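Have a look at the structure below, then the notes.
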Amino acid sequence: MTADLFAADRRHVALDPGALLLGGFALDEAPRILAAIACIAARAPLRHLETPGGRRMSVAMTNCGEAGWVSDRSGYRYAAHDPLSGLPWGAMSPLFRDLAVRAALAAGFPGFAPDACLINRYEPGARLTLHQDKDEAFHTAPVVSVSLGVSATFLWGGQARGDKVRRHVLHHGDVVVWGGPARLTFHGIAPLPVDAHPLTGPLRYNLTFRQAR
DNA sequence: AAGTAACG
DNA sequence: CTAC
């Protein structure tokens, strides 16, 4: 960890060894990121995936990058093509990639090479119950998560499902990075409150970058 | 199963 | 919080 990591103008929270919340990291890029999300969603619409148990997820999802995370009755997996259209997911823009790489570096993970960017859209009440990101082929690379729009409560657990869960509010522009010993930490998002943000109205968007392959 | 119901 |  270097000194510039902890610049005085930046809120930062060490969640655990290997896990860091970088406050306001993506603020400058946020309007361009939101415009890019609209372009991605025009090609690969945000949709409510089904869990293997047949339940509709409350969060709407799409992807860009070489691999996209999908779920249906047959399971969770990464796919090179959008199951809705059969087309490859759109390319990950340098704007997205550079942001993720800079955040990973700032959190102590140099050389991050994401090939997957999952885009999540939360409406009021949408949530993600506690889970692990473990569908990637290797867990040597960190997870980088970018928050935009309405603030949400991040649920940060431990290495076992039953471990104590801490809550941290994630604001517009916040980035969370977890890797190394924290790579498989259980995490989730509490139901999104009814709220409004100048750039997104009632919605929260989240970008999750991973190296899936 | 990244979700929900049931419970005390 | 536990069970499925």
Side-chain angles (χ1 to χ4, degrees), chain A residues 15-16 18-19 21 37 40-41 44-84 89 92 96 100 114-139 141-170 174-179 182-194 202-213:
Chain A
L15 302 180
D16 265 327
L21 192 172
I37 290 172
I40 293 162
L46 286 149
R47 83 294 302 258
H48 296 272
L49 298 175
E50 221 166 37
T51 65
R55 260 61 175 258
R56 175 191 133 116
M57 295 182 74
S58 58
V59 176
M61 301 178 168
T62 188
N63 293 276
C64 66
E66 294 162 35
W69 188 86
V70 293
S71 173
D72 60 22
R73 284 190 182 87
S74 66
Y76 304 146
R77 64 191 169 279
Y78 281 91
H81 300 263
D82 181 353
L84 272 187
W89 302 105
M92 192 186 305
F96 280 27
D115 58 7
C117 174
L118 174 63
I119 297 159
N120 296 146
R121 183 192 65 198
Y122 293 75
E123 299 176 20
R127 75 194 74 185
L128 273 187
T129 58
L130 217 56
H131 66 280
Q132 293 171 299
D133 291 13
K134 60 177 183 185
D135 303 311
E136 300 73 29
F138 306 98
H139 300 141
V143 176
V144 174
S145 169
V146 179
S147 293
L148 299 164
V150 168
S151 299
T153 298
F154 189 47
L155 308 174
W156 184 252
Q159 303 309 298
R161 184 173 286 279
D163 288 352
K164 175 181 174 182
V165 177
R166 287 188 168 79
R167 291 171 176 250
H168 299 271
V169 178
L170 297 182
D174 287 355
V175 176
V176 184
V177 182
W178 63 98
R183 177 60 180 75
L184 293 177
T185 302
F186 279 91
H187 60 282
I189 291 286
L192 194 74
V194 175
L203 305 175
R204 170 179 189 262
Y205 289 92
N206 171 260
L207 270 42
T208 305
F209 296 90
R210 309 184 187 90
Q211 197 169 322
R213 305 291 175 224

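So that the names make sense, note that chain A is the first sequence line, chain B the second, and so on, each numbered from 1. Because the structure is predicted, anything quoted here is derived from the model rather than measured.
A donor-acceptor pair under 3.5 Å is formed between the side chain of A:D115 and the backbone N or O of A:R213.
Remark: A:D72 engages A:R77 in a salt bridge (charged side-chain N to carboxylate O under 4.0 Å, His left out) (not counting sequence neighbours). Every residue two or more places apart in sequence or in another chain that forms a salt bridge (charged side-chain N to carboxylate O under 4.0 Å, His left out) with A:R73 is listed here: A:E50. Residues that satisfy the side-chain contact (heavy atoms from CB on, under 4.5 Å) test with A:K134, not counting sequence neighbours, are A:Q132, A:H139, A:L184. Under the side-chain contact (heavy atoms from CB on, under 4.5 Å) criterion, A:A126 pairs with A:S58, A:V59, A:Y122, sequence neighbours left out. Applying the ring pair (Phe, Tyr, Trp, His ring centres under 6.0 Å) rule to A:F186 yields no partners; only residues at least two apart in sequence or on another chain are considered. Residues satisfying the side-chain contact (heavy atoms from CB on, under 4.5 Å) test with A:T153, not counting sequence neighbours, are A:L155, A:R167, A:V169, A:A190. The side-chain contact (heavy atoms from CB on, under 4.5 Å) check on A:A182 picks up A:A19, A:W156, A:W178, A:T185, with sequence neighbours excluded. Taking the salt bridge (charged side-chain N to carboxylate O under 4.0 Å, His left out) definition, one finds that A:E136 meets it with A:R183, A:R210, sequence neighbours left out.
In this structure, A:D174 and A:F154 have side chains that are not in contact, with every pair of non-hydrogen atoms separated by 4.5 Å or more. A:I37 places a side-chain heavy atom less than 4.5 Å from the side chain of A:F96. Using a 4.5 Å heavy-atom threshold, the side chains of A:M57 and A:L128 count as touching. When side chains are defined from C-beta on, A:L203 counts as touching A:E123, because their heavy atoms get closer than 4.5 Å.
Shown for residues 204-213 of chain A: residues whose heavy atoms fall under 4.0 angstrom of DNA chain B, namely A:R210. For the segment residues 123-133 of chain A, the set of residues with a heavy atom within less than 4.0 Å of an atom of DNA chain B comprises A:R127, A:L128, A:T129, A:L130, A:H131, A:D133, in numerical order.
Contacts of A:R77 with the nucleic acid, taken as non-hydrogen atoms under 4.0 Å apart, are absent. The residue A:D135 sits close to a base: some heavy atom pair falls under 4.0 Å.
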Quiz item: Taking only Watson-Crick and G-U wobble pairs with both distances under 3.5 Å, what dot-bracket line describes DNA chain C, where [ ] shows pairs that cross earlier ones and | shows pairs with another strand?
Solution: .|||

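When the P atom is used for both B:dT4 and B:dG8, the distance is 22 Å, rounded to whole Å. B:dC7 and B:dG3: their P atoms are spaced 22 Å apart (whole Å).
Chain A approaches DNA chain B over the interval B:dA1 to B:dT4, counting the first and last nucleotide 5' to 3' with an atom under 4.0 Å from its heavy atoms.
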